[in-house]
Amino acid sequence: MKGYAMLQIRKTGWIEKECPAYGPLDAIVKPIAVSPCTSDIHTVWEGAIGERHNMILGHEAVGEVVEVGSLVKDFKPGDKVIIPAITPDWGSLQAQGGYSMHSGGMLAGWKFSNFKDGVFGEYFHVNEADANMAILPDGVDPASATMLSDMVPTGFHGVELADVQFGDSVCVIGIGPVGLMSVAGAALRGASRLYAVGSRPNCINIAKEYGATDIINYREGDIVEQIMEKTHGKGVDRVIIAGGDNDTFAQAINILKPGGVIGNVNYLGEGDSIKIPRVEWGCGMGHKTIRGGLMPGGRLRMEKLVSLLETGRLDTSKLLTHKFNGFDKIEDALMLMKEKPKDLIKPVVII
Ligand code: NDP
Ligand code: ZN
């Protein structure tokens with residue numbers, strides 16, 4: 001079979017591979033629609049997970065089941081399915097402890113285009129199919145549903161980590177596709193004032209559509225000053241970090257009220273440590289909680305999230321700014337993600 005792969009750090013290309021093998025609990029799926037991710041760019045061009053050779057990329061897909069193992073109960077060939085980016089080993093001690101995303105080791109629930117070939121192949125392997133896939137309901141657009149693999153659960157996980165409650169004031173730092181889903185998730189969770197930090201006009205407009213009440217442009221002034229001015233020096237109840245860099249943490253601490261919570265889903269790619277401003281952190285006694293996490297995967301989450309699309313409570317089609325048709329266009333879509341033109345939010349490839 002054919003696949004679009006990381007050949008080595010900073011090098012990609014089409015390769016031929018054997019179709020993946022599968023065990024009794026697993027499935028083989030062919031993609032219907034896929035979307036490249038900022039993480040694919042970190043993986044290839046920043047060497048974020050170290051060297052990989054001839055590894056097929058991609059972890060955001062909906063597909064059609066081609067084969068199932070002898071012990072798979074709920075899926076059969078021909079079923080249309082959503083596959084989360086994170087596909088844990090559900091029997092692991094970490095999963096039993098409530099942290100499925102770390103099954104087998106820290107961050108090891110992320111298998112596609114990390115420990116095994118990803119979804120940019122003509123076929124791909126899904127471990128523990130009954131626990132890691134969900135049926136794509138009739139009437140849900142496959143392209144929109146690709147956003148359920150990673151963008152929605154990651155953005156929403158930021159909201160969960162920050163523990164947004166009814167009426168909370170919330171600041172979402174970063175409004176790429178992940179942060180936009182944090183905005184949408186915080187609005188669904190009952191945020192009152194919802195500050196969105198970004199600069200690209202396209203993202204700003206869509207952030208407003210998803211429920212942002214105030215836009216903070218980080219290129220036009222210090223985030224901390226802008227938020228403190230808008231909140232009359234009080235700060236916000238919750239901060240979700242979905243963009244920026246190591247310094248963003250310090251800004252988040254600065255704008256957080258005592259008792260507040262930071263939920264980080266941003267990938268921190270540089271440096272050895274993160275600085276926490278001592279005084280603003282209450283000299284260690286400010287009850288300002290920092291939480292950071294990889295999105296949880298699994299079937300139940302996919303089923304619940306797709307029900308938001310079915311009922312119209314969430315519209316992910318707004319994220320899909322660039323559409324491609326045909327398997328061969330995966331390369332163009334990934335390169336577009338690498339170049340990040342200003343009007344790009346997410347590219348999607350309909351196979
Ligand atoms: P994007 O690059 O599309 O968006 C980043 C956002 O951050 C943009 O809105 C950008 O603003 C903003 N930004 C950049 N620099 C700053 C700054 N200095 N201060 C404030 N805002 C800034 O990324 P994605 O939405 O695709 O992904 C966000 C992060 O989530 C990435 O790091 C990605 O690796 C990570 N991720 C994490 C996952 C998880 O499970 N935890 C899974 C998937 C992704 P502008 O408008 O100027 O572009
Ligand atoms: Zn992704």
Side-chain angles (χ1 to χ4, degrees), residues 34-46 48-49 57-61 83-86 100-102 106-107 109-110 112-114 118-120 146-161 171-184 195-207 212 215-224 226-227 239-252 255 263-270 291-297 301 319 321 334 336-348:
V34 299
S35 181
C37 177
T38 306
S39 306
D40 293 308
I41 308 305
H42 294 315
T43 297
V44 178
W45 284 281
E46 293 169 26
I49 55 172
L57 289 162
H59 54 258
E60 300 181 15
I83 307 97
I86 308 299
S100 58
M101 64 295 270
H102 303 299
M106 191 158 65
L107 310 179
W110 172 25
F112 288 124
S113 63
N114 185 4
V119 302
F120 295 169
T146 58
M147 297 298 101
L148 299 174
S149 297
D150 191 358
M151 297 300 97
V152 180
T154 297
F156 279 23
H157 194 46
V159 177
E160 291 170 325
L161 290 169
C171 177
V172 177
I173 304 180
I175 46 170
V178 171
L180 285 170
M181 288 301 95
S182 295
V183 171
Y195 303 90
V197 180
S199 79
R200 282 178 284 157
N202 206 7
C203 296
I204 287 173
N205 290 336
I206 292 174
I215 301 296
I216 307 290
N217 189 328
Y218 69 96
R219 293 181 196 271
E220 290 177 356
D222 182 49
I223 299 175
V224 178
Q226 294 187 66
I227 296 274
V239 180
I240 299 158
I241 306 179
D245 52 27
N246 292 6
D247 295 336
T248 307
F249 262 93
Q251 294 171 320
I255 61 173
N264 177 77
V265 288
N266 192 34
Y267 160 74
L268 297 169
E270 282 173 15
R291 303 169 83 192
L294 179 69
M295 65 160 264
R301 179 156 289 240
L319 301 178
T321 49
L334 184 73
L336 189 76
M337 200 68 186
K338 179 170 176 262
E339 285 150 25
K340 276 231 160 120
K342 275 208 174 308
D343 61 340
L344 174 77
I345 299 180
K346 279 290 269 191
V348 65

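Below, each value reflects all heavy atoms present in this structure, side chains not excepted, and no hydrogens, waters or symmetry copies. Indexing begins at 1, ligand by ligand and atom by atom, following the structure's order. This structure is a prediction, so every number in the text was calculated from the model and none was measured.
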Exercise. Which part of Asp150 is near ligand 1, with near meaning a heavy atom under 4.0 Å away: side chain, backbone, both or neither?
Worked result: side chain
Problem set entry | the Zn ion (ligand 2) - closest N/O/S atom in Glu60 | OE2
For this session: Indicate yes or no: does an N/O atom of Met295 lie under 3.5 Å from an N/O atom of ligand 1?
Result: yes
Exercise. What protein heavy atom sits nearest atom 4 (O) of ligand 1, and how far off is it?
Worked result: Gly176 CA, 3.4 Å
Exercise. Is ligand 1 under 4.0 Å from a heavy atom in the side chain of His42, in the backbone, in both, or in neither?
Worked result: side chain
Seminar exercise, completed: For the Zn ion (ligand 2), the nearest N/O/S atom on Asp150 is atom OD2
Exercise. What is the closest protein heavy atom to atom 24 (P) of ligand 1, and at what distance does it sit?
Worked result: Thr38 OG1, 3.5 Å
Exercise. Within the stated cut-off of 2.8 Å, is an N/O/S atom of Asp40 closer than that to the Zn ion (ligand 2)?
Worked result: no
For this session: Give the residue, atom name and distance (to 0.1 Å) of the protein heavy atom nearest atom 12 (C) of ligand 1.
Result: Gly174 CA, 3.8 Å
For this session: Run the numbers for me: atoms of ligand 1, each under 4.0 Å from some heavy atom of Gly293, listed by number.
Result: 41 (N)
Problem set entry | Minimum-distance protein heavy atom relative to atom 41 (N) of ligand 1 | Val265 O, 3.1 Å
Seminar exercise, completed: When distances are taken from atom 27 (O) of ligand 1, the protein heavy atom at minimum range is Val178 CG2, 3.5 Å
Exercise. How are the rings of His42 and Tyr267 set relative to one another: parallel (under 30°), tilted (30 to 60°) or perpendicular (over 60°)?
Worked result: tilted
Exercise. Rounded to the nearest 0.5 Å, how far does CD of Gln251 lie from CG of Asp222?
Worked result: 6.0 Å
For this session: Please report which non-hydrogen protein atom sits nearest to atom 38 (C) of ligand 1, along with the residue it belongs to and the distance in Å to one decimal place.
Result: Thr154 CG2, 3.3 Å
Exercise. Under 3.5 Å, N or O to N or O, is Pro177 touching ligand 1 that way?
Worked result: yes
Exercise. To which protein heavy atom is atom 10 (C) of ligand 1 closest, and what is the distance rounded to 0.1 Å?
Worked result: Tyr218 OH, 4.1 Å
Seminar exercise, completed: min-distance protein heavy atom vs atom 2 (O) of ligand 1 -> Lys340 NZ, 2.8 Å
